[in-house]
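What follows is a short report on a single structure.
Keep in mind the model is a prediction, meaning the values are calculated, not measured. Note that these values count all heavy atoms, side chains included, but never hydrogens, waters or copies made by symmetry. Throughout, numbering of the chain's residues begins at 1 and tracks the sequence.
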Amino acid sequence: MGLKMRAGHQGTGPGAITPDGCAVELYSRLPVGDEPDIIAGAVPAGAHILELGSGVGRMTHPLLERGCTVTAVDESPEMLERVRGARTICSPIEKLDLGERFDAVLLASFLVHTGDEEVRRGLLRTCVRHLADGGCVLIQREGEDYHTNVPRERVDPSGFTLRIVSSEPVGDGTNSVHAEYEFPDATWTQTFRARLLTKEEFEAALGEVGLRVDEYLTEDRIWVRAVVAGPGPTA
């Protein structure tokens, strides 16, 4: 029996669709960008990483190749079936409590922008709960024009077209985003809710759970390394 679709989320196209509207087959096809290099460069060599929302392992597998040990967590068993070489755990992220601590916790895929603020707090608390002393949380944020530069499209060199068709306010600071992925042999769509977070709002959300920004890892501030709040400057 499938998991219940999250409110405001849906997906179409061939194959299994996860509760947040992601298509398993689509994510198996998406190429790997520079994210694994950004992550590997921000953690100690051979780091033990807890990857929250691993999906099919698009970043898991390159991180393993770079010498990291990865525990991959996702709420979709169909996604986790595609992961190779890593320990896998099927669970909603916001409810996860392994009783273990890791050198780094990874929260990518713009999950910090979930439309539900309580879910966001749960995600970030899970990060803190699993962080070893001196460890870090690596978070992927939306770009600053994510919701204003619409519609937009990008033709990927690997042969598919990604379109962000619309981003419409639905109240309480949340937008409904509609995306299309067109391949020569198949098309997938995803509709999801995302909460707009300015840099200041994002940093305040970290502060709610006892985290602070250690460094913005990319010039566009999309990738962030956060640490447990305490003495020391923030970047």
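Within 6.0 Å of CG on Asp133 lie no more than 12 heavy atoms contributed by other residues, nucleotides or ligands.
For Arg221 and Glu144, the salt-bridge test passes: some basic side-chain N is under 4.0 Å from an acidic carboxylate O. For the pair Glu208 and Arg125, the salt-bridge criterion is not met [side-chain N within less than 4.0 Å of a carboxylate O]. One finds no salt bridge joining Arg141 and Asp220 here, because no Lys/Arg side-chain nitrogen approaches an Asp/Glu carboxylate oxygen to under 4.0 Å. Under the 4.0 Å criterion applied to side-chain N and carboxylate O atoms, Asp156 and Arg29 are not assigned as salt-bridge partners. A salt bridge links Glu94 with Arg6: the closest approach of a Lys/Arg side-chain nitrogen to an acidic carboxylate oxygen falls below 4.0 angstrom.
Residues Val165 and Thr189 have side chains not in contact (no heavy-atom distance under 4.5 Å, counting atoms from C-beta outward). The closest side-chain heavy-atom distance from Ile17 to Met5 is below 4.5 Å. Taking the side chain as every heavy atom from C-beta outward, Asn149 and Ile164 never approach each other to under 4.5 Å. The shortest side-chain heavy-atom distance between Glu65 and Pro36 does not fall under the 4.5 Å cut-off. Side-chain contact between Val227 and Arg212 is present, with heavy atoms from C-beta onward closer than 4.5 Å. Residues Thr18 and Glu75 fail the side-chain proximity criterion, which asks for heavy atoms closer than 4.5 Å. The closest side-chain heavy-atom distance from Val112 to Phe202 is below 4.5 Å. Residues Val137 and Leu124 have side chains not in contact (no heavy-atom distance under 4.5 Å, counting atoms from C-beta outward).
Taking SG of Cys90 as the reference point, atom CG of Leu96 lies at 11.0 Å (rounded to 0.5 Å). Distance CZ/Arg193 to OG1/Thr174: 7.5 Å, rounded to 0.5 Å. Rounded to the nearest 0.5 angstrom, Glu78 CD and Ser28 OG are separated by 11.0 Å. Separation of atoms CD (Gln140) and OG1 (Thr218) is listed at 9.0 Å; rounding is to 0.5 Å. The structure places OG1 of Thr69 at 10.0 Å from CZ of Phe102, a figure rounded to the nearest 0.5 Å. Distance check, rounded to the nearest 0.5 Å: CG of Leu206 to SG of Cys127 gives 9.5 Å.
When all heavy atoms of Pro14 and Glu25 are compared, the closest pair comes out as O-CB, 4.2 Å. Closest approach of Arg58 and Leu30 over heavy atoms only: CD-O, 3.3 Å. The minimum heavy-atom distance between His130 and Leu98, with the atom names listed, is NE2-N, 2.9 Å. The two atoms that bring Gly21 and His9 nearest to each other are N-CB, 4.4 Å, heavy atoms only.
Placement of Val83 and Met59 in two distinct hydrophobic clusters is found when ILVMFWY residues are connected by side-chain heavy-atom separations under 4.5 Å, directly or transitively. A chain of hydrophobic side-chain contacts below 4.5 Å, direct or via other Ile, Leu, Val, Met, Phe, Trp or Tyr residues, connects Leu26 to Leu162. Leu107 and Leu63 are assigned to two separate hydrophobic clusters, defined by single-linkage of ILVMFWY side chains at heavy-atom distances under 4.5 Å. Criterion: ILVMFWY side-chain heavy atoms under 4.5 Å apart, direct or through other members. Under it, Ile93 and Met79 are not part of a common hydrophobic cluster. Hydrophobic clustering places Leu197 together with Leu123 (ILVMFWY residues linked when any side-chain heavy atoms are closer than 4.5 Å, directly or through intermediates).
For Arg101 (side chain) and Leu131 (main-chain N/O), a donor-acceptor pair under 3.5 Å exists by modelled atom type. Side-chain atoms of Asn175 do not come within 3.5 Å of backbone N or O of Val177 as any donor-acceptor pair.
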Throw together a table of side-chain donor-acceptor distances under 3.5 angstrom for residues 37-57, partners on residues two or more places apart or in other chains.
{"from": "Asp37", "atom 1": "OD1", "to": "Arg66", "atom 2": "NE", "distance (Å)": "3.0"}
{"from": "Asp37", "atom 1": "OD1", "to": "Arg66", "atom 2": "NH2", "distance (Å)": "2.9"}
{"from": "Glu51", "atom 1": "OE1", "to": "Thr60", "atom 2": "OG1", "distance (Å)": "2.5"}

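Exactly one residue among Phe183, Phe160, Tyr181 makes a ring-ring contact (aromatic ring centres under 6.0 Å, His included) with Trp188. That residue is Phe183.
With sequence neighbours excluded, the residues satisfying salt bridge (charged side-chain N to carboxylate O under 4.0 Å, His left out) with Arg163 are Glu153, Glu180, Glu182.
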Criterion side-chain contact (heavy atoms from CB on, under 4.5 Å) on Arg82 and Tyr27, from CA distance to verdict: CA-CA 10 Å; Arg82 309 285 182 109; Tyr27 277 81; over 6 Å; no
Glu201/Arg120 under salt bridge (charged side-chain N to carboxylate O under 4.0 Å, His left out): CA gap, chis, key distance, verdict: CA-CA 13 Å; Glu201 289 167 339; Arg120 183 193 69 215; over 6 Å; no
Test log, rule salt bridge (charged side-chain N to carboxylate O under 4.0 Å, His left out), inputs Arg195 and Glu142: CA-CA 10 Å; Arg195 180 170 296 278; Glu142 294 173 344; over 6 Å; no
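Clustering of Ile, Leu, Val, Met, Phe, Trp and Tyr by side-chain heavy atoms under 4.5 Å joins Val32 with none of the others.
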